[in-house]
Structures are given as C-alpha cells and as structure tokens.
Amino acid sequence: MNAPAAPVAFAEPRPAGHPPAKNGRVGVVLVNLGTPEATDYWSMRRYLKEFLSDRRVIETPRWLWWPILNLVILTRRPGLKGPDYDSIWNKERDESPLMTITRAQSEKLGGRLASVPGERPVVVDWAMRYGKPSIANRLAALQAAGCDRILLVPLYPQYCAATTATVCDKAFDALKTMRWQPSLRVAPPYFDDPAYIEALAASTRASLAKLDFEPEALLASFHGIPQSYFDKGDPYYCHCAKTTRLLQKALGVAPDRLRMTFQSRFGRAAWLQPYTAETVQSLARDGVKRLAVLTPGFAADCLETLEEIGVENAEYFHEAGGEKFAALPCLNDSDEGMGVLEAVARRELAGWV
C-alpha cells in the first residue's frame with residue numbers, strides 16, 4: 001500500500017489592508033501560585049492583598065472579610081512575612097526562589113518539547129496567579145506570537161478550587177477580552193500519574209541517600225485548606241491521600257513510616273488534619289530523634305517549603321527534643337521533575353502536535 005501523501009500548504013493571498021495575524025503555533029503555559037516582587041512592606045502588601053482578596057482562596061463573606069483584611073491583616077502581616085521571604089530570597093537575581101525555579105522549568109520544558117514531531121512549533125512560557133508575570137499577560141504574548149492553541153498547566157499535582165480552579169478563572173477572564181481567542185486546554189491534576197509518583201519516589205530516595213542520618217519517620221506535608229472547603233466537596237484531601245498511598249507503595253514503606261500531614265494553617269477555623277507542626281512536635285515528644293519531611297504538593301521550592309518546613313518546623317522539632325531534621329527538596333527543575341512536566345505536556349498536547 002502506498003504511503004499517504006504529505007500535506008500541501010497553500011499560500012493564500014490576503015485581501016488588501018488585512019491586518020497582520022500570526023498563527024499556527026502551539027503555546028504551553030506553566031502557572032504557579034505567585035510571589036511578591038520584593039520583600040519590603042509595600043511589595044508584600046500588594047502581593048498579599050491580591051492573594052487574600054481572591055474569593056476562591058477566602059470564602060468568608062465580603063462584608064466580613066473586607067475590614068479584617070484591610071484594617072488588620074494588611075497592616076501587620078506584610079511586615080511579619082517580609083523577613084521570612086528575605087531569608088530565602090535569591091539575592092543574585094533579586095527574586096524569590098519560586099520565580100527562579102518556575103522560569104527554569106519553563107526553559108527546560110521548551111527544550112524538551114522542541115523535539116515533538118509535527119509541523120506546529122511549541123512555545124513554552126510561564127506565569128504566576130498572583131503577582132507578575134500575570135496569566136493574562138502571558139496568554140496575550142503567546143497569542144501575539146502566533147499561538148492559536150494553548151495548553152495551560154497549573155503546577156498543582158492535587159486539584160483544589162483555591163489553586164487549580166482560580167488559575168482557570170484568570171485564564172478564562174483573559175479570554176473574555178480577546179477578539180480572536182486561542183483554543184485552550186487545561187492539564188488535569190496529576191496526583192496519581194505514574195510519572196509523578198515514580199519521580200517522587202526517585203527524588204525521595206536520592207535525597208535520603210545524601211543525608212548523614214537515617215530518619216526514623218517521614219512526613220509528606222501538603223498545603224492545608226479549611227475543613228469547610230473539603231466538606232463542600234473539594235477533592236483536595238482525597239488527592240493528597242492517594243498521592244501519599246501510592247508513594248508509600250513506590251518506596252516500599254508502611255503507612256506509619258510515611259505519614260500525611262497538612263501545613264500553612266491560617267486563621268482560627270479548623271483546617272485539614274493532622275497538622276504538620278503539631279505532628280512534628282508530637283513525634284519529638286514521643287522519642288523520635290531523626291525526622292525528614294517532603295512536600296509532594298509543591299512543584300517548586302518556595303516560602304512554604306524552604307522557610308516554613310526547613311526553618312520553622314525544624315525549630316519545633318528541636319525544641320520538642322528532636323535531634324536531626326531534614327526538609328527534602330521539591331522536584332523543582334531536576335531531571336525527575338522535568339520528566340513529570342514533559343509527560344503531562346506531551347499527553348495533553350496529543351492531537352495538536
């Protein structure tokens with residue numbers, strides 16, 4: 001049987017006065033949570049105001065939340081969190097580690113996808129949900145570069161309305177302003193993707209092998225959400241639990257050897273439990289002297305992993321009697337981490353390239 005003929009491209013003349021219009025490319029946008037532009041009070045305030053004004057993040061009625069946010073939180077918290085960010089800041093590039101790593105992930109993924117067969121070239125970019133570069137800015141830039149099909153990749157392995165959904169909200173808001181909208185796909189959460197689980201297991205083994213001690217216990221710490229969000233139907237807890245269970249199996253450890261906990265509690269309401277900080281303290285009080293914590297829900301190291309786990313929770317552990325503590329790095333732009341992002345992107349680009 002004869003091979004099918006190659007497609008023929010016809011150059012059709014445009015009418016006189018037709019505006020320039022690039023097309024025929026495919027865009028991929030990696031989106032992470034966000035970062036302040038600097039660690040001073042006003043930069044922190046701008047970032048926190050945008051973040052804490054998101055109705056997906058804070059579901060408290062506006063009439064109640066507005067005075068709390070503007071008259072209490074935004075007068076105190078920027079000054080308190082600024083030094084924490086400064087302690088992990090990338091001084092060389094004058095930016096947060098989250099920005100440094102997310103940019104590197106975008107650049108490396110672009111190189112990996114350059115070999116995708118097909119006639120449509122792939123352009124990889126990155127954005128932040130809060131702060132800069134904004135989702136709307138990067139979608140517009142990709143469209144201007146001729147991307148009429150765009151894959152949005154929220155860098156959250158486990159779905160949550162306060163993370164994945166709000167990324168989609170902003171993307172769709174941007175599309176509303178476009179006369180010529182690109183076709184948009186959104187990569188689904190990859191909490192149980194074999195590539196992700198295998199990468200977590202490999203990264204965990206490698207990180208543990210570099211320690212000068214053998215942990216008696218491991219914690220898989222995920223960012224928490226209010227218990228009420230779960231009660232309303234958010235699948236986040238279930239996604240975290242499945243990731244933990246699959247990672248336990250991949251590492252060949254018992255459930256009591258690798259425990260799931262939740263960090264970053266904010267406010268007085270009940271959040272998903274068990275809490276990371278309380279678990280760290282109770283383990284030390286129960287006689288555990290050597291502990292390691294990994295953070296599978298974060299695609300890149302940031303304030304919550306480097307400072308909250310690596311510094312704050314380490315102090316809790318030592319103060320309660322623990323001796324050796326390690327915060328294991330996220331997948332970041334490692335070979336394992338990039339393998340996950342490439343696997344997700346290639347799967348979701350099927351049919352486009």
Side-chain angles (χ1 to χ4, degrees), residues 33 35-36 39 41 44 48 72-73 76-91 96-98 200 203-227 237 240-241 243-244 247-248 251 253-298 300-330 332:
L33 183 77
T35 170
T39 61
Y41 175 87
M44 291 299 306
L48 289 172
V72 179
I73 294 175
R76 299 179 55 198
R77 196 166 180 83
L80 295 174
K81 299 305 292 183
D84 290 342
Y85 271 96
D86 191 65
S87 70
I88 65 164
W89 206 248
N90 182 341
K91 301 297 198 306
S96 73
L98 183 68
L200 284 179
S203 177
T204 300
R205 291 192 198 99
S207 295
L208 292 176
K210 294 176 183 179
L211 300 180
D212 61 358
F213 66 94
E214 183 177 351
E216 299 168 69
L218 295 171
L219 295 184
S221 180
F222 296 85
H223 198 292
I225 62 172
Q227 178 67 36
Y237 177 91
C240 295
T243 294
T244 304
L247 182 57
Q248 289 167 347
L251 291 173
V253 299
D256 60 351
R257 166 75 169 157
L258 174 62
R259 309 184 191 185
M260 177 178 69
T261 61
F262 296 93
Q263 64 183 84
S264 309
R265 181 184 177 190
F266 178 77
R268 298 179 180 179
W271 281 42
L272 296 181
Q273 297 187 43
Y275 300 135
T276 299
E278 292 183 1
T279 303
V280 164
Q281 292 168 320
S282 65
L283 285 172
R285 287 193 291 264
D286 290 342
V288 173
K289 299 299 182 182
R290 303 182 302 277
L291 176 66
V293 182
L294 55 145
T295 47
F298 297 86
D301 275 307
C302 55
L303 184 74
E304 286 78 9
T305 65
L306 299 173
E307 198 282 329
E308 184 180 352
I309 297 298
V311 178
E312 184 179 328
N313 277 271
E315 291 177 356
Y316 293 153
F317 185 65
H318 293 138
E319 290 170 357
E323 296 176 358
K324 296 280 190 175
F325 182 96
L328 306 187
C330 296
N332 296 322

Query raised in the report: Would you say Tyr237 has more than 12 foreign heavy atoms packed within less than 6.0 Å of its OH?
Result: no
Report task. Please check if the side chain of Ser87 supplies one atom and the backbone of Asp84 the other of a donor-acceptor pair under 3.5 Å. Result -> yes
Requested in this report: Take the angle between the ring planes of Phe298 and His223 and call it parallel below 30°, perpendicular above 60°, tilted in between.
Outcome: tilted
Query raised in the report: Step by step, would you call Leu219 with Leu283 a side chain to side chain contact (heavy atoms under 4.5 Å, CB included)?
Result: CA-CA 10 Å; Leu219 295 184; Leu283 285 172; 4.1 Å; yes
Query raised in the report: Is Thr243 close to Leu200 at the side-chain level, that is, under 4.5 Å between some pair of heavy atoms?
Result: yes
Report task. Say whether, by atom type as modelled, one donor and one acceptor occur between the side chain of Arg265 and the main chain of Arg268 under 3.5 angstrom. Result -> yes
Query raised in the report: How many angstroms lie between atom NZ of Lys289 and atom CZ of Phe325, to the nearest 0.5 angstrom?
Result: 15.0 Å
Query - Heavy-atom pair with the smallest gap, counting every atom of Ser203 and Pro329 - result: OG-O, 4.3 Å
Report task. Can you establish whether the number of heavy atoms outside Lys210 located under 6.0 Å from its atom NZ is more than 12? Result -> no
Report task. Give, for atom OG1 of Thr244 and atom CG of Leu218, the distance between the pair rounded to the nearest 0.5 Å. Result -> 11.5 Å
Requested in this report: Give, for atom CD1 of Ile309 and atom CD of Gln263, the distance between the pair rounded to the nearest 0.5 Å.
Outcome: 4.0 Å
Report task. Side-chain contact test, heavy atoms from C-beta onward, threshold under 4.5 Å: evaluate it for Thr261 versus Val293 and give yes or no. Result -> no
Requested in this report: Keeping the roles fixed (side chain from Arg290, backbone from Glu214), state whether a donor-acceptor pair exists under 3.5 Å.
Outcome: yes
Query raised in the report: Between the main-chain N or O of Phe262 and the side-chain N or O of Thr276, is there a donor-acceptor pair closer than 3.5 Å?
Result: yes
Query raised in the report: Between CG of Leu328 and OG1 of Thr305, what distance do you get to the nearest 0.5 Å?
Result: 11.0 Å
Report summary line: Here the pair of heavy atoms bringing Met44 nearest to Pro36 is SD-CG, 3.6 Å
Requested in this report: Taking Glu307 for its side chain and Tyr85 for its backbone only, find out whether a donor-acceptor pair lies under 3.5 Å.
Outcome: no
Report summary line: side chain to side chain donor-acceptor pair (under 3.5 Å) filter on Asn313, not counting sequence neighbours, yields none
Query raised in the report: Considering all heavy atoms of both residues, which atom of Tyr275 and which atom of Trp271 are nearest to each other, and what is their separation?
Result: OH-N, 3.1 Å
Query raised in the report: Roughly how far, to the nearest 0.5 Å, is CD of Gln281 from NE2 of His318?
Result: 13.0 Å
Query raised in the report: Are Ser264 and Glu304 close enough that a side-chain donor and a side-chain acceptor fall under 3.5 Å?
Result: no
Query raised in the report: Is there a side chain to side chain contact (heavy atoms under 4.5 Å, CB included) between Leu272 and Phe222 once you walk through the steps?
Result: CA-CA 10 Å; Leu272 296 181; Phe222 296 85; over 6 Å; no
Query raised in the report: Between Leu80 and Pro83, which heavy-atom pair has the shortest distance, and what is it?
Result: O-CD, 3.5 Å
Query raised in the report: Hey, is the main chain of Asn332 close enough, under 3.5 Å, to the side chain of Asp301 for a donor-acceptor pair?
Result: no
Query raised in the report: Who pairs with Glu312 by side chain to side chain donor-acceptor pair (under 3.5 Å), at least two apart in sequence or on another chain?
Result: Tyr316
Query raised in the report: Has the side chain of Lys91 got a donor or acceptor atom that lies under 3.5 Å from a matching backbone atom of Asp86?
Result: yes
**Report entry** Qualifying residues under side-chain contact (heavy atoms from CB on, under 4.5 Å), relative to Arg77, sequence neighbours excluded
**Finding:** Leu48, Ile73, Lys81, Phe266
Report summary line: Heavy-atom nearest pair, Ala292 first then Pro215, reads CB-CG, 3.7 Å
Query raised in the report: With a 4.5 Å heavy-atom cut-off, do Leu258 and Thr204 have their side chains touching?
Result: no
